[in-house]
Trainee: 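Can you read through this structure? Questions will come right after.
This is a predicted model, so every value here is computed, not measured. So you know, we letter chains A, B, ... as the sequences are listed, proteins then strands, and number each from 1.
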Amino acid sequence: MLDIKFIRENPDAVKNACKVKGFPDNTDEILALDTRVRELKTLTQTKTAEKNKITREIPTATDKAPLIAASKTIGEEIANELTELSEKEAQLNDLLHRVPQIPSPDAPIGPDESANVEIRRVGEPKKFDFTPRAQWDLLDMNDWWAPEKIAQICGTRTYCLKGEAAELQLAIETYVIKKLISKGFTFIECPAITKPQTIFDAGHFMGSDLSVMNNDVFMLTDTDRCLAGTAEIILNSLHSGEILAENALPIKYAGFSPCFRKEAGAAGRDTRGLARFHQFNKVEQYIYCKPEQSDEMHEHLLNNLCEIMEDLELPYRVIANSTGDMGFNKVKMNDVEAWVPSENAYKELGSCSSIGTFQARRTNTRYRENATGEVKYVATLNNTGIAVPRALVPILENHQNADGSVNIPKKLQPLMDGRTKIGGKH
RNA sequence: GGAGACGUGGCAGAGUGGUUGAAUGCGCGCGACUCGAAAUCGUGUAUACAGGCAACUGUAUCAAGGGUUCAAAUCCCUUCGUCUCCGCCA
């Protein structure tokens, strides 16, 4: 959420953000409610001060009865005004949770992904001297999965990897975690079960009614819990309510967890292969920093993912996502997409996002500035480290050989007992 | 799942209805003493919101929410969390 003071002082910026991101504009209603809430606060607080004054005189008064009566009367007046105040505050709170984050002026303006801009392309799509196979054919011929059986027993959009492909997935996860640790990230094994409030505080959902997430989040029946869609949720709340020391920033976390998504809006998409499941594993990069460090940290996070693409020897490109595509809570967003030969296209493997202080306001995560002693909200950022099994799609396809074997990227070979390739007729 | 104990400021720890936002100690900031430091002494040390140009004033906050009362950290209820014992268990 945004600071109400910012909205008061910059209504046009807020209105513009609603417009370019494609969210309803409630700015005028917010400002009207804000004015009324402040009036009521001033009124009730003045009366409460009066009442407190009377109350404090009671213990030492010789004739207590009139004071008690006066206090009671004024108390009833306050109660009435408080009713209106809490109604107005609830309305205001709901609307404030519907105001999108202001996008960066650098972000391309547009309604959806069609307005995204490619900003960088690294590596050339590989030329094969044979017809490259699609991921599912490679998986089939090497007996690396069991899609029909798993769909029967676990339902659609679940997967299992078998044998060397499962080993490879584990190696990729381990590789990325180790790499991030070497870059100063603290590795955190995150729970996947959480409370809905925690998901809400990550700022992907609007309004004050938590049930809006039921469409996207797996709720656990007869409990107060649900399944987190990403470790970002947990990492985002890790310092909720705290005032961090300025010296402690930036804080860098590499979270690892299974991720659960209903994929309600993706019916029919990516139904074949390893691209989209209800459950997958993800290494997540997450940073808390001072707002003025945010751009630098964004580059750091983005660069880490690009390095990982290069370590995995994948041709990739970096996208600047448009205002309409970046989502509710983001300042800017860069997707990283890897080349997938069978689709003759770049496909998303990761998403680097600057959130500004938007999440920190929801979680109440702040830091104290050394020089001034001032308490300020931190900025937060997140990026994918690696998401599997999706990352296996370009890895299998780009590194395949004519016999159906798959070369292991050099950096992964030590984690695969030195093997240089897997599968094929060997 | 059963039984019990508990949740106070950065930390430790007083406080069981009336100027208690909260004693005391530690920590930390500033100042004095010192060549410097230690020790010592003095002094300060939460957050949010509202009002004010400001100095400042007011309101709220003792896990969270609700209730009783003229008045709640203190009494009652609910929730959340922590600890101990038992049960179960990777």
Trainee: Only pairs at least two apart or in different chains count here, so list each ring pair (Phe, Tyr, Trp, His ring centres under 6.0 Å) that has a residue in residues 12-71 of chain A.
Mentor: A:Phe23-A:Phe328
Trainee: Using a 4.0 Å heavy-atom cut-off, does A:Arg8 contact any base of the nucleic acid, only the sugar-phosphate backbone, or nothing at all?
Mentor: sugar-phosphate
Trainee: Listed by chain and number, what are the ring-ring contact (aromatic ring centres under 6.0 Å, His included) partners of A:Phe277, not counting sequence neighbours?
Mentor: A:Tyr159
Trainee: With sequence neighbours left out, write down each residue that passes salt bridge (Lys or Arg N to Asp or Glu O under 4.0 Å) with A:Asp34, or none if nothing qualifies.
Mentor: A:Arg8, A:Arg38
Trainee: Identify each atom pair where a protein N or O and an N or O of nucleotides 57-61 of chain B are less than 3.5 Å apart, giving names and distance.
Mentor:
{"unit_1": "B:G58", "atom_1": "N2", "unit_2": "A:Gln45", "atom_2": "OE1", "d": "2.8"}
{"unit_1": "B:U59", "atom_1": "OP1", "unit_2": "A:Asn52", "atom_2": "ND2", "d": "3.1"}

Trainee: Would you please name every residue forming a side chain to side chain contact (heavy atoms under 4.5 Å, CB included) with A:Val331, sequence neighbours left out?
Mentor: A:Gln101, A:Ser104, A:Ser354
Trainee: Quick check: are there more than 12 heavy atoms from other residues, nucleotides or ligands sitting under 6.0 Å from NZ of A:Lys411?
Mentor: no
Trainee: Quick test: give all pairs of protein nitrogen or oxygen and nucleotides 46-48 of chain B nitrogen or oxygen below 3.5 Å, distance rounded to 0.1 Å.
Mentor:
{"unit_1": "B:U47", "atom_1": "OP1", "unit_2": "A:Arg368", "atom_2": "NH1", "d": "2.6"}
{"unit_1": "B:U47", "atom_1": "OP1", "unit_2": "A:Arg368", "atom_2": "NH2", "d": "3.4"}
{"unit_1": "B:U47", "atom_1": "O3'", "unit_2": "A:Arg366", "atom_2": "NH1", "d": "3.0"}
{"unit_1": "B:A48", "atom_1": "OP1", "unit_2": "A:Arg366", "atom_2": "NH1", "d": "3.2"}

Trainee: What I want to find out is whether A:Glu29 reaches A:Arg98 closely enough, with some N-O distance under 4.0 Å, to be called a salt bridge.
Mentor: no
Trainee: Within residues 71-83 of chain A, find the residues that approach RNA chain B with a heavy atom at under 4.0 Å, and present them sorted by residue number.
Mentor: A:Ser71, A:Lys72
Trainee: For the backbone of A:Leu138 and the side chain of A:Asn142, can you confirm whether one donor and one acceptor N or O come within less than 3.5 Å of each other?
Mentor: yes
Trainee: Under 3.5 Å, side-chain donor or acceptor atoms of residues 78-85 of chain A against the rest of the protein: list the pairs with distances, not counting sequence neighbours.
Mentor:
{"unit_1": "A:Glu81", "atom_1": "OE2", "unit_2": "A:Lys47", "atom_2": "NZ", "d": "3.2"}
{"unit_1": "A:Thr83", "atom_1": "OG1", "unit_2": "A:Ala79", "atom_2": "O", "d": "3.0"}
{"unit_1": "A:Glu84", "atom_1": "OE1", "unit_2": "A:Arg36", "atom_2": "NH2", "d": "3.1"}
{"unit_1": "A:Glu84", "atom_1": "OE2", "unit_2": "A:Arg36", "atom_2": "NE", "d": "3.0"}
{"unit_1": "A:Glu84", "atom_1": "OE2", "unit_2": "A:Arg36", "atom_2": "NH2", "d": "3.3"}

Trainee: For residues 58-75 of chain A, dump all side-chain donor-acceptor pairs below 3.5 Å to protein atoms at least two apart in sequence or in another chain.
Mentor:
{"unit_1": "A:Thr60", "atom_1": "OG1", "unit_2": "A:Glu57", "atom_2": "O", "d": "3.4"}
{"unit_1": "A:Lys64", "atom_1": "NZ", "unit_2": "A:Ala61", "atom_2": "O", "d": "3.4"}
{"unit_1": "A:Thr73", "atom_1": "OG1", "unit_2": "A:Ala69", "atom_2": "O", "d": "2.9"}

Trainee: Rounded to the nearest Å, what distance is computed from the CD1 atom of residue A:Ile54 to the P atom of nucleotide B:U69?
Mentor: 18 Å
Trainee: Throw together a table of side-chain donor-acceptor distances under 3.5 angstrom for residues 211-237 of chain A, partners on residues two or more places apart or in other chains.
Mentor:
{"unit_1": "A:Ser211", "atom_1": "OG", "unit_2": "A:Asp209", "atom_2": "OD1", "d": "3.0"}
{"unit_1": "A:Ser211", "atom_1": "OG", "unit_2": "A:Asp209", "atom_2": "OD2", "d": "3.0"}
{"unit_1": "A:Thr223", "atom_1": "OG1", "unit_2": "A:Leu220", "atom_2": "O", "d": "2.7"}
{"unit_1": "A:Thr223", "atom_1": "OG1", "unit_2": "A:Arg225", "atom_2": "N", "d": "3.0"}
{"unit_1": "A:Thr230", "atom_1": "OG1", "unit_2": "A:Glu232", "atom_2": "N", "d": "2.9"}
{"unit_1": "A:Thr230", "atom_1": "OG1", "unit_2": "A:Lys282", "atom_2": "NZ", "d": "2.7"}
{"unit_1": "A:Glu232", "atom_1": "OE2", "unit_2": "A:His204", "atom_2": "NE2", "d": "3.2"}
{"unit_1": "A:Glu232", "atom_1": "OE2", "unit_2": "A:Gln359", "atom_2": "NE2", "d": "2.8"}
{"unit_1": "A:Glu232", "atom_1": "OE2", "unit_2": "A:Asn382", "atom_2": "ND2", "d": "3.4"}
{"unit_1": "A:Asn236", "atom_1": "OD1", "unit_2": "A:Tyr286", "atom_2": "OH", "d": "2.8"}
{"unit_1": "A:Asn236", "atom_1": "ND2", "unit_2": "A:Asp201", "atom_2": "O", "d": "3.2"}

Trainee: State the CZ-CD1 distance between A:Arg390 and A:Ile395, to the nearest 0.5 angstrom.
Mentor: 13.0 Å
Trainee: Quick one: list whatever passes side chain to side chain contact (heavy atoms under 4.5 Å, CB included) with A:Gln293, sequence neighbours left out.
Mentor: A:Leu249, A:Pro250, A:Cys289, A:Lys290, A:Met297
Trainee: Strictly under 3.5 Å: I want the nitrogen or oxygen pairs between protein and nucleotides 80-83 of chain B, one per line.
Mentor:
{"unit_1": "B:C80", "atom_1": "O3'", "unit_2": "A:Lys195", "atom_2": "NZ", "d": "3.3"}

